Engineer: 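Shown below is the structure under consideration.
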Amino acid sequence: MAPRNSSSVTEFILVGFSNQPALQLPLFFVFLGIYVLTVIGNLGLITLIGLNSSLHTPMYFFLFNLSFIDFCYSCVFTPKMLSDFVSENIISYMGCMTQLFFFCFFVNSECYVLVSMAYDRYVAICNPLLYTVTMSPQVCTLLMFCSYVIGFAGAMAHTGSMLTLTFCDSNMIHHYLCEVLPLLQLSCTSTYANELVFFIVVGVVITASSISIFISYALILSNILKIPSAEGRSKAFGTCGSHVVAVALFFGSGAFTYLTTSFPGSMEEGRFASVFYTNVVPMLNPLIYSLRNKDVKLALNKTLKRVLF
């Protein structure tokens with residue numbers, strides 16, 4: 001379908017990854033495999049935490065929410081992406097705006113869930129005697145509520161500003177999902193205000209969450225180094241190692257993606273780079289938090305014995 005030249009666009013064409021028909025089926029199976037692993041891993045972790053009272057602690061409450069966000073986040077665009085490999089890659093205007101809203105909502109929320117998890121580790125290691133009081137159910141619920149509210153506000157800012165634009169020159173989105181920057185390239189009206197909103201919202205989210213996490217782990221590291229025994233230091237490092245890896249993967253891949261797309265002519269590289277934080281990171285998070293986690297392994301063994309025997 002050729003790009004349309006009309007006064008108003010009612011649907012968009014998602015270009016995806018490749019225009020070569022021979023690659024469509026192999027890519028379909030690759031991303032189907034990633035999606036299946038993401039769904040099984042995150043739903044499995046959600047179920048495991050919900051069924052085992054031993055995992056009803058602040059740390060696993062946050063992990064429960066992280067898995068929930070990763071699951072929903074993947075469901076926002078992956079089913080549509082998979083269907084585009086085997087059928088027409090068309091999405092309606094309202095469908096695109098809806099996808100954009102939920103994509104921004106879950107990405108922004110995940111940033112602040114990771115901040116909450118870093119704060120939880122800070123309290124656990126630096127103020128263990130006050131941990132139960134500081135990380136009470138009310139505090140944990142409030143932290144999650146704020147994460148979702150901030151995510152909602154960011155998504156509303158992005159989507160609201162996008163709805164003010166007129167699309168008339170082209171309807172071909174050079175991406176596999178409705179993202180802010182690829183959509184801005186299609187507008188036939190000024191995008192200055194939209195770009196300002198984008199960089200302010202993204203800048204505030206990344207800066208605030210990154211600084212919060214950095215301060216938490218700087219204080220954690222300082223406290224760990226004061227522990228006299230090597231066994232104690234190793235145990236302390238072990239409790240936050242998984243979270244450090246998850247934070248590095250999410251923020252590292254996200255920052256790389258948006259830095260590459262900030263340069264002229266680099267949208268193509270950004271599209272492929274974004275696969276890591278949109279598809280791979282949600283798949284890896286359940287593995288990162290469970291493979292080296294004794295509590296999760298023990299809960300999994302108990303659950304399997306309960307179900308099978």
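Since the model is a prediction, treat every value here as computed from it, not as a measurement.
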Engineer: With side chains defined as the heavy atoms from C-beta onward, is the minimum distance between Ile125 and Ile224 less than 4.5 Å?
Structural biologist: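 Side-chain contact under 4.5 Å: yes.
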Engineer: Compare every heavy atom of Cys126 with every heavy atom of Asn223, then report the nearest pair and how far apart it is.
Structural biologist: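 Looks like CB-SG, 3.7 Å.
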Engineer: Below 4.5 Å, heavy atoms only, C-beta onward: do Thr166 and Val9 meet side chain to side chain?
Structural biologist: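 Of all side-chain heavy-atom pairs linking Val9 with Thr166, none is under 4.5 Å.
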Engineer: Does the pair Tyr289 and Met117 meet the rule for a side-chain contact (heavy atoms from CB on, under 4.5 Å), with working shown?
Structural biologist: CA-CA 12 Å; Tyr289 284 104; Met117 294 176 78; 3.5 Å; yes
Engineer: Does the side chain of Thr303 pick up a donor-acceptor pair with the side chain of Asn52 at under 3.5 Å?
Structural biologist: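 There is such a pair between these side chains.
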Engineer: Listing request: all side chain to side chain donor-acceptor pair (under 3.5 Å) pairs with a residue in residues 119-146, at least two apart in sequence or in separate chains.
Structural biologist: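 Listed once each, the pairs are Asp120-Tyr131, Ser136-Gln138.
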Engineer: For Thr207, is there any backbone N or O sitting under 3.5 Å from a side-chain donor or acceptor partner on Ser210?
Structural biologist: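 A pair under 3.5 Å: no.
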Engineer: Going by atom types alone, do Asn279 and Tyr35 pair a side-chain donor with an acceptor below 3.5 Å?
Structural biologist: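 No - no donor-acceptor pair under 3.5 Å links their side chains.
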Engineer: Is the shortest side-chain heavy-atom distance between Leu32 and Val36 below 4.5 Å?
Structural biologist: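 When only atoms from C-beta onward are counted, Val36 and Leu32 do touch, with a gap below 4.5 Å.
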Engineer: If you round to the nearest 0.5 Å, how far is CZ of Phe276 from CG of Leu284?
Structural biologist: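 Taking CG in Leu284 and CZ in Phe276, the distance rounds to 6.0 Å.
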Engineer: Hydrophobic clustering (ILVMFWY, side-chain heavy atoms < 4.5 Å, transitive) - are Val202 and Phe199 grouped together?
Structural biologist: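 Phe199 and Val202: one cluster.
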Engineer: Please report the C-alpha distance between Phe12 and Ser92 in whole Å, then the side-chain angles of each, then the deciding distance to 0.1 Å, and finally whether the side-chain contact (heavy atoms from CB on, under 4.5 Å) criterion is met.
Structural biologist: CA-CA 6 Å; Phe12 294 101; Ser92 68; over 6 Å; no
Engineer: Tell me, do Asn108 and Ile150 make a side-chain contact under 4.5 Å, heavy atoms counted?
Structural biologist: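 A side-chain contact under 4.5 Å is absent here.
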Engineer: Taking side chain as C-beta onward, heavy atoms only, is His56 less than 4.5 Å from Phe61?
Structural biologist: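 Answer no - side chains too far apart.
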Engineer: Please name the pair of heavy atoms, one in Asn194 and one in Ser190, separated by the smallest distance, quoted to 0.1 Å.
Structural biologist: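 Shortest heavy-atom contact: OD1-O, 4.0 Å.
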Engineer: Please check this pair: side chain of Ser116 against backbone of Tyr112, looking for a donor-acceptor N/O pair closer than 3.5 Å.
Structural biologist: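 Yes; at least one donor-acceptor contact below 3.5 Å.
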Engineer: So Val113 and Ile69, do their side chains get closer than 4.5 Å, heavy atoms only?
Structural biologist: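 A side-chain contact exists here, since the closest heavy-atom pair is under 4.5 Å.
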Engineer: Give a yes or no on whether the backbone of Ile90 and the side-chain of Lys80 come within a donor-acceptor separation of less than 3.5 Å.
Structural biologist: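 A pair under 3.5 Å: yes.
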Engineer: Are Leu129 and Val123 grouped together when hydrophobic residues (ILVMFWY) are joined by side-chain heavy atoms under 4.5 angstrom apart?
Structural biologist: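 Cluster IDs for Leu129 and Val123 differ.
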Engineer: Grab the two heavy atoms, one from Met172 and one from Val15, that are nearest each other, plus how far apart they are.
Structural biologist: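 That closest heavy-atom pairing would be CE-CG2, 4.0 Å.
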Engineer: Decide yes or no for Glu110 and Asp70: does some side-chain heavy atom of the first lie under 4.5 Å from some side-chain heavy atom of the second?
Structural biologist: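 Yes, at least one pair of side-chain atoms sits under 4.5 Å.
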Engineer: If I compare all heavy atoms of Ser74 with all of Thr78, which pair ends up nearest, and what's the gap?
Structural biologist: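 Residues Ser74 and Thr78, closest heavy atoms: O-OG1, 2.7 Å.
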Engineer: Rounded to the nearest 0.5 Å, how far apart are CD1 of Ile211 and OG of Ser216?
Structural biologist: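 Ile211 atom CD1 to Ser216 atom OG measures 11.5 Å (nearest 0.5 Å).
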Engineer: For Tyr60 and Asn293, which I'm curious about, is there any donor-acceptor pair between the side chains at under 3.5 Å?
Structural biologist: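 Result is yes, a qualifying pair exists.
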Engineer: Taking Asn89 for the side chain and Ile13 for the main chain, is one N or O donor matched with an acceptor at less than 3.5 Å?
Structural biologist: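 Pair absent, no side-chain N/O of Asn89 close to backbone of Ile13.
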Engineer: Determine the interplanar angle of the Phe106 and Phe102 rings, folded into 0 to 90°, and report it as parallel if under 30°, tilted if 30 to 60°, perpendicular if over 60°.
Structural biologist: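 Plane angle under 30°, so parallel.
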Engineer: Roughly how far apart are Phe77 CZ and Phe103 CZ, rounded to 0.5 Å?
Structural biologist: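 Result: 6.5 Å between the selected atoms.
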Engineer: Side-chain atoms of residues 154-163: list all donor-acceptor pairs with protein atoms under 3.5 Å, sequence neighbours left out, distances to 0.1 Å.
Structural biologist:
| unit_1 | atom_1 | unit_2 | atom_2 | d |
| --- | --- | --- | --- | --- |
| Thr159 | OG1 | Ala155 | O | 2.8 |
| Ser161 | OG | Ala157 | O | 3.0 |
| Ser161 | OG | His158 | O | 2.9 |

Engineer: Measuring from Thr191:OG1 to Leu183:CG, what's the distance to the nearest 0.5 Å?
Structural biologist: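 One gets 11.5 Å once the value is rounded to the nearest 0.5 Å.
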Engineer: Can a side-chain donor-acceptor contact be found between Ser274 and Tyr176 if the only test is distance below 3.5 angstrom?
Structural biologist: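 A pair is found: one side chain offers a donor N or O, the other an acceptor, under 3.5 Å apart.
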Engineer: side-chain contact (heavy atoms from CB on, under 4.5 Å) between Glu195 and Leu184: does it pass, once the steps are laid out?
Structural biologist: CA-CA 8 Å; Glu195 290 173 10; Leu184 291 181; 3.8 Å; yes
Engineer: Output the distance between atom CG (Leu45) and atom CZ (Phe71), rounded to the nearest 0.5 Å.
Structural biologist: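 The CG atom of Leu45 sits 13.0 Å away from the CZ atom of Phe71.
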Engineer: Roughly how far, to the nearest 0.5 Å, is SG of Cys104 from CD of Glu179?
Structural biologist: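 Going from the CD atom of Glu179 to the SG atom of Cys104 covers 6.5 Å.
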Engineer: Honestly curious: do Phe29 and Leu27 fall in one hydrophobic cluster under the side-chain, below-4.5 Å linking rule?
Structural biologist: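 Yes; Leu27 is reachable from Phe29 via cluster members.
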Engineer: Checking side-chain contact (heavy atoms from CB on, under 4.5 Å) for the pair Phe105/Ser109: CA distance, chi angles, key distance, verdict?
Structural biologist: CA-CA 6 Å; Phe105 170 65; Ser109 297; 3.7 Å; yes
Engineer: In this structure, would Met59 and Val133 fall into the same cluster of hydrophobic residues linked by side-chain contacts under 4.5 Å?
Structural biologist: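 No, it is not one cluster - the side chains of Met59 and Val133 are not joined through contacts under 4.5 Å.
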Engineer: Might you point out which heavy atoms bring Asn42 and Ser67 nearest each other, and give the distance in Å?
Structural biologist: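 In this case the closest contact between Asn42 and Ser67 is OD1-CA, 3.4 Å.
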Engineer: Which heavy atom in Ser212 sits nearest to a heavy atom in Val115, and how many Å separate them?
Structural biologist: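 Closest heavy-atom pair between Ser212 and Val115: CB-CG1, 3.7 Å.
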Engineer: Can you find a pair of side-chain heavy atoms, one from Ile288 and one from Leu249, that are under 4.5 Å apart?
Structural biologist: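 Of all side-chain heavy-atom pairs linking Leu249 with Ile288, at least one is under 4.5 Å.
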Engineer: Would Val86 and Val30 show up in the same hydrophobic cluster when neighbours are defined by side-chain heavy atoms closer than 4.5 Å?
Structural biologist: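 Same cluster: Val86 reaches Val30 through Ile, Leu, Val, Met, Phe, Trp or Tyr contacts under 4.5 Å.
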Engineer: Taking Leu114's backbone N and O only, do any of them form a donor-acceptor pair with His243's side chain (distance below 3.5 Å, no angle check)?
Structural biologist: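 Indeed, once roles are kept as given, a pair shorter than 3.5 Å links the two residues.
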Engineer: What pairs with Cys178 under disulfide (SG to SG under 2.5 Å), at least two apart in sequence or on another chain?
Structural biologist: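 Only Cys96 meet the disulfide (SG to SG under 2.5 Å) criterion with Cys178.
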Engineer: Counting the benzene-type ring for Trp, do Phe251 and Tyr277 have ring centres under 6.0 Å apart?
Structural biologist: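 No, ring centres 6.0 Å or more apart.
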Engineer: How about Phe28: does its CZ atom have over 12 heavy atoms from other parts shown lying under 6.0 Å from it?
Structural biologist: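 Yes.
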